[in-house]
Every structure is written in C-alpha cells, then in structure tokens.
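Okay, so here's the structure we're looking at.
Whatever order the structure lists them in is the order used to number ligands and atoms, beginning at 1.
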Amino acid sequence: QEGLAPTPMALISQYACKRRTSTDNKNKILTDAFEVLAENYKFSDNKSSCLVFSRAASVLKSLPWTVQSIEATQGLPCLREHTKAVMEEILQFGHSFEVERTLSSERYQTLKLFTSVFGVGPKTAEKWYHRGLRSFRDILAEPSIQLNRMQQSGFLYYGDISRVVTKAEAQALGNIIDEAVRLITSDAVTALTGGFRRGKEYGHDVDFIVTTHEVGKEEFVLRHIIDCFKKQGIVLYCDYQASTFHMSKLPCQSFEAMDYYAKCFLILRLEASQVDGGLTCDEGDNRGWRAVRVDLVSPPMDRYAFALLGWTGSTQFDRDLRRFARFERKMTLDNHTLYDTTKGEFLTARSEEDIFAHLGLEYIEPWQRNA
Ligand code: CTP
Ligand code: MN
Ligand code: MN
Ligand code: MN
C-alpha cells in the first residue's frame with residue numbers, strides 16, 4: 001500500500017523463512033565480504049562464527065534497499081558487533097581490511113582452490129594444506145595421496161564443472177531426463193529444483209527430483225534413468241546411493257545430515273546440439289560438448305513436498321525453517337517429515353504450501369527463498 005516506504009525494521013524477522021529474498025541482491029558488496037569471512041571460518045571449522053556472517057549476509061540480501069550508513073541498519077536482526085565493524089569499514093573506505101587480508105592470505109587462497117574440486121571438502125583441503133601442498137600440481141605429484149574416484153573425476157573435468165551452468169543448459173538436461181523417463185512409464189513426475197527453481201540464472205550444478213505417483217516405484221525409475229544415460233554414453237561419473245528410507249525414524253537433529261532417499265550424484269556429457277543457443281564454452285573451445293554436474297533425488301510421492309522444500313533451498317532458508325520449527329513451534333522438520341513434539345504426531349503434506357501452513361508461516365514462493 002505504501003509503495004516505496006521501506007519496511008519498518010522491527011518487522012524484519014531474524015528467520016530467513018519469514019523474509020522474502022529475491023535474486024536481486026541490493027547489498028552485494030557487503031554480502032560478498034561477509035561470505036568471504038563466513039567461508040574462512042568454515043575452513044577453520046568455526047561453525048558459530050561462520051553462521052554469524054552467513055546470517056548477517058542473509059538479512060542484507062532480503063533488503064529492497066542498499067545500506068549506505070550504519071545508522072540505516074539500526075534495528076536489523078542478526079547484525080553483531082563484528083559484522084557491523086566490517087560493514088563500517090566498507091561503507092567508509094570502500095573495502096574491509098579484514099576481508100582484504102583474508103583474500104590475500106595463502107591459507108584462504110589454497111583452501112579455496114582445493115575445495116573448488118568436486119569431492120574435496122574443507123577437511124581434505126586442510127589436510128593437504130597442512131602437508132605443505134599449495135597447488136593442483138603439488139597434489140597430483142604427491143605419490144602418497146590416493147585420490148578417490150570422485151576427486152579423480154573432479155580433476156579430470158575441472159575446467160568444465162567449475163564453469164557456471166546456464167538456465168538453457170539446465171532446461172536441456174530436464175528434456176534429456178524427461179525423454180529417458182517417457183520410455184518406461186507415464187506415471188513419473190520430474191521437477192527442476194535447487195537454485196534454478198529459485199529463479200537463479202546460473203548454477204554450479206542442476207538438481208532434479210524424479211519420482212512416481214505409485215509409492216515404491218520411484219527408485220526403479222531413478223535406476224532406469226541412469227541405465228538409459230549409460231546406454232547413451234553420457235555418464236562421465238556416477239555415484240548412486242540406494243534408499244535407506246526404511247531405516248529412518250524421527251527427523252534427524254542435525255541439519256547437515258543427508259536425507260535417506262535414493263539419489264545419484266552425476267557428471268554428464270551435454271552436447272551443444274541439445275542446448276538452445278549452444279553451450280557456454282571458453283573462447284576457442286569447440287569440442288561441441290561440456291561436462292555438467294547433475295544431482296537426482298527420488299523421494300516416495302508421499303514425501304514429495306518435504307523433499308522439494310529441502311532441495312529447493314537456499315541452504316540458509318532451510319536452516320532457518322528448521323530452526324523456526326524447533327524453537328517457535330516445537331516441531332522438527334527435515335527433508336522427510338514434520339513432527340509435532342507437543343502432539344506427538346507426524347504432520348502430512350501434499351504440497352509446500354501445506355508445510356508452511358502447518359508451521360503457521362506465510363507461504364514464501366521459491367523465487368523468494370534466495371536467503
Ligand atoms: N541438499 C540436500 N541434500 C543433499 C544435497 C543438497 O538437502 N544431499 C539441498 C541443499 O541443502 C540445497 C539444495 O539441496 O538447499 C540444493 O543444493 P546445491 O545444489 O548445493 O545448491 P543450489 O542452491 O542449487 O546452488 P547452486 O546453484 O550452487 O547449485
Ligand atoms: Mn544446485
Ligand atoms: Mn552450491
Ligand atoms: Mn546439488
């Protein structure tokens with residue numbers, strides 16, 4: 001109604017699931033800086049400081065205006081002393097000395113480089129750094145290092161999979177999956193999820209949910225799709241994980257825990273001819289194909305809404321949904337279920353809207369979940 005009047009600060013929630021965050025970030029300079037420090041804390045396994053900076057970045061991403069002074073942030077949630085100090089430096093000098101120092105440190109640069117390889121997490125990166133390794137050449141020349149299959153593929157396809165994936169490439173992969181599914185059943189449901197469902201133009205991979213209306217057939221469909229891809233010769237890497245769903249009981253307490261659904265982490269070969277407008281390749285790269293990271297997950301249909309909500313993200317949005325459920329509603333939420341601890345019962349959901357309603361939250365559209 002007020003149109004241009006900014007939202008009163010008091011109405012901006014500490015929970016990302018009560019904020020609307022589009023991909024249009026008006027405070028990118030500040031949030032990029034916060035995310036560098038968050039990542040650096042993650043490298044030191046300092047989870048709480050990492051979270052402080054991730055949360056501060058998330059709050060600023062939700063603002064429809066650009067922060068131009070510290071005074072303007074009065075009353076905003078999740079901005080601690082440390083984050084305010086960094087913000088003050090940037091507003092005053094155009095950059096933060098702490099961020100500059102981090103960006104130019106050998107440790108940050110090396111860990112950033114190592115974790116950019118598919119299959120290399122902060123733990124492995126730190127181990128290699130600690131042993132004095134500083135470059136890919138160092139790692140590949142070190143005889144005592146045994147790369148696992150995932151890391152070998154990570155190095156082999158490094159150039160391609162470190163390049164962004166476009167929306168057109170994501171759509172092409174969607175068509176390839178739909179075609180494979182059509183060969184066996186008319187009962188299947190496929191959905192693009194992850195960052196592309198949130199309206200992002202680019203991603204680091206493409207995430208899909210594949211399932212069937214008939215509960216229990218979903219894993220069969222996933223295996224069929226992969227067989228089909230193998231016959232087409234487009235599977236460059238495949239890590240298939242069977243469902244362990246039957247073993248699950250209550251929702252798990254840790255956010256980081258993987259879900260129990262059958263899933264597959266893939267690297268696929270995508271042909272230029274399959275993509276509207278062709279591939280986004282480096283100059284002079286005329287191979288006519290590229291490698292792309294693809295994640296497929298197969299929840300049973302009665303869990304579809306929970307899986308969709310979990311796999312759509314963003315990570316910060318999901319984290320706050322779970323936190324809100326636990327602390328404000330005494331409910332536990334994960335990628336499989338919503339459990340009301342007061343009533344001692346599981347709440348069913350056929351859609352994401354149902355889950356928001358159970359939680360007493362206004363529905364937030366996927367493109368407003370870029371927290
Ligand atoms: N996810 C999950 N379980 C996994 C892997 C991912 O629940 N085993 C969720 C993540 O929490 C995230 C979503 O799936 O919310 C998508 O993850 P990811 O592809 O890593 O991130 P995106 O948001 O899609 O961003 P990007 O463009 O970088 O891929
Ligand atoms: Mn993704
Ligand atoms: Mn990502
Ligand atoms: Mn993914």
S314 and R198, any side-chain heavy atoms less than 4.5 Å apart | yes

For ligand 1, which atoms have a heavy atom of G203 less than 4.0 angstrom away?
-> 27 (O)

Should one rank K200, K263, R293 by closest heavy-atom distance to atom 27 (O) of ligand 1, which comes out on top?
-> K200

Under 3.5 Å between some N or O of ligand 1 and some N or O of D295?
-> no

Working for ring pair (Phe, Tyr, Trp, His ring centres under 6.0 Å), residues Y129 and F114 | CA-CA 9 Å; Y129 179 78; F114 290 175; 7.8 Å; no

Residue G195 vicinity, atoms of ligand 1 by number, heavy atom under 4.0 Å = 22 (P), 23 (O), 24 (O)

Element-labelled atoms of ligand 1 that are located less than 4.0 Å from some non-hydrogen atom of G194 | 24 (O)

Hey, is ligand 1 close enough to T312 that some N/O pair sits below 3.5 Å?
-> no

Hey, which N, O or S atom on D205 ends up closest to the Mn ion (ligand 2)?
-> OD1

For G313, the ligand 1 atoms with a heavy-atom partner under 4.0 Å come out as 15 (O)

Atoms of ligand 1 under 4.0 Å from any heavy atom of D205, numbered from 1 in the order shown, are 19 (O), 29 (O)

Do Y158 and L266 belong together in a cluster built from hydrophobic side chains that touch within less than 4.5 Å?
-> no

Note: S153 and I267 closest approach over all heavy atoms is CB-CD1, 3.9 Å

Any side-chain heavy atom of K84 within less than 4.5 Å of one from T73?
-> yes

Go through ligand 1 atom by atom and flag the ones less than 4.0 Å from a non-hydrogen atom of N335.
-> 2 (C), 7 (O)

Take W311 and D259, measure what side-chain hydrogen bond (donor to acceptor under 3.5 Å, both in side chains) needs, and give me the verdict at the end.
-> CA-CA 10 Å; W311 280 75; D259 58 46; 2.8 Å; yes

Inter-residue atom distance N40.CG - L103.CG, 0.5 Å rounding | 9.0 Å

Is the Mn ion (ligand 2) less than 2.8 Å from an N/O/S atom of D207, whether that atom is in the backbone or a side chain?
-> yes

Output the atom name for the N/O/S atom of D295 with the smallest distance to the Mn ion (ligand 4).
-> OD2

Is there a path of hydrophobic side-chain contacts, each under 4.5 Å between heavy atoms of I, L, V, M, F, W or Y residues, that connects I184 with F208?
-> yes

Can you list the ligand 1 atoms lying under 4.0 Å from a non-hydrogen atom of D318?
-> 15 (O)

Sub-4.5 Å side-chain heavy-atom contact between R369 and R197 | yes

Look only at the side chain of T193 and the backbone of I209, and say whether a donor-acceptor pair between them is shorter than 3.5 Å.
-> no

Heavy-atom nearest option to atom 14 (O) of ligand 1, drawn from F265, Y202, W311 = W311

Proximal ligand 1 atoms for D207, defined as those under 4.0 Å from one of its heavy atoms | 19 (O), 24 (O)

